[in-house]
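First up is the structure itself, then whatever we jot down about it.
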Amino acid sequence: MREERPIIALDFPSLDKVKTFLSLFPSDEKLYLKIGMELYYAAGPEVVTYVKTYGHSVFLDLKLHDIPNTVKSAMKVLADLGVDMTNVHAAGGLEMMSAAREGLGRDSKLIAVTQLTSTSQEQMQADQNIQSTLADSVLHYAKKTKEAGLDGVVCSAREVEVIKRATSSDFICLTPGIRPEGSASGDQKRVMTPEQARQIGSDYIVIGRPITQAPDPLAAYQAIYDQWNHH
Ligand code: C5P
């Protein structure tokens, strides 16, 4: 299930900024792009159709969480948009996740967020009243995600091994928080290099600012691509 292309997080506020960024890449370079809430809410579904027209793949990171029927209907719309992968919150429950799968169909990958990596164990216990460890909660949600027929989870690279052991080796683990050797970690607290993520068994890595804010984004992308694929 491993994807050779690092997914670039397109955390830009407008379609114009996306166009400028993509113009730095050769036209035959097919990228895997993550479109999150900021860009999607600013630019609308057109941003998805725009990048798909150029042959890029899209992970639409909207983290849906609502009643099953609403999520199912929304997923039908996203399937029609041609997204390659999208996601939900596992906290929405088994029934919501199954409905999401039904709505999206099988042509696009569907993954779930377990506990956000910005959530500490103390916060989880106090805010969500879940009295287990954070690791147990992540594992519990990963198993429910598998049970609902989804393809995998978003997780910290540190959690990959135990999640795969509890689900299956082909259960997708998509990991953000990736920083190439020697680069600034920004607000990411626990980071891993692309090489470490590969060794630990991540299937997809998501990386934003080290590429989007680099003086030479194409060179940064190629270096990260090589580290991830061990060339
Ligand atoms: O710029 P950076 O590489 O930190 O971007 C990582 C991307 O992955 C951002 O879009 C961020 O919202 C997302 N993300 C994350 N950690 C998670 C889930 C998503 O950094 N646990």
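Both counts, for ligands and for their atoms, begin at 1 and track the order of listing.
Ranking the protein heavy atoms by distance from atom 3 (O) of ligand 1 puts Gly208 N, 2.7 Å first. Shortest contact from atom 6 (C) of ligand 1 to any protein heavy atom: Gln188 NE2, 3.8 Å. Protein heavy atom at the shortest distance from atom 15 (C) of ligand 1 is Pro176 CB, 3.5 Å. The protein heavy atom nearest to atom 11 (C) of ligand 1 is Lys34 NZ, 4.3 Å. Protein heavy atom closest to atom 2 (P) of ligand 1, with residue, atom name and distance, is Arg179 NH2, 3.4 Å. Among all protein heavy atoms, the one lying closest to atom 21 (N) of ligand 1 is Thr117 OG1, 2.5 Å. Asp11 OD2, 2.7 Å is the protein heavy atom nearest to atom 10 (O) of ligand 1.
With ligand atoms numbered from 1 in the order given, ligand 1 contributes 3 (O) to contacts under 4.0 Å with heavy atoms of Ile207. Close approach to Arg209 involves these atoms of ligand 1, each under 4.0 Å from a residue heavy atom: 1 (O), 2 (P), 3 (O), 4 (O). Remark: ligand 1 atoms within the under-4.0 Å shell around heavy atoms of Ala9 are 7 (C), 10 (O).
A cation-pi geometry, defined here as NZ or CZ lying under 6.0 Å from the six-membered ring centre and within 45° of its normal, does not hold between Arg5 and Trp228.
Taking every heavy atom of both residues into account, Thr53 and Thr49 meet most closely at OG1-O, 2.6 Å.
The closest approach between a heavy atom of Leu116 and any atom of ligand 1 is not below 4.0 Å. Distances shorter than 4.0 angstrom do not occur between any heavy atom of Gln213 and any atom of ligand 1.
Aromatic ring centres of Phe21 and Phe12 lie closer together than 6.0 Å.
Heavy atoms from other residues, nucleotides or ligands lying under 6.0 Å from NZ of Lys164 number more than 12.
Between the CG atom of Leu60 and the CG atom of Leu33 there is a distance of 11.5 Å, given to the nearest 0.5 Å.
Side-chain atoms of Gln128 and Gln123 form no donor-acceptor pair, as typed in the model, at a separation below 3.5 Å.
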Please evaluate residues Tyr204 and Phe59 with respect to the criterion side-chain contact (heavy atoms from CB on, under 4.5 Å), reporting the C-alpha separation (whole Å), side-chain torsions for both, the decisive distance (0.1 Å), and the verdict.
CA-CA 11 Å; Tyr204 293 76; Phe59 165 33; over 6 Å; no
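Contact annotation: the side chain of Leu64 never approaches that of Met96 to less than 4.5 Å [non-hydrogen atoms, C-beta and beyond].
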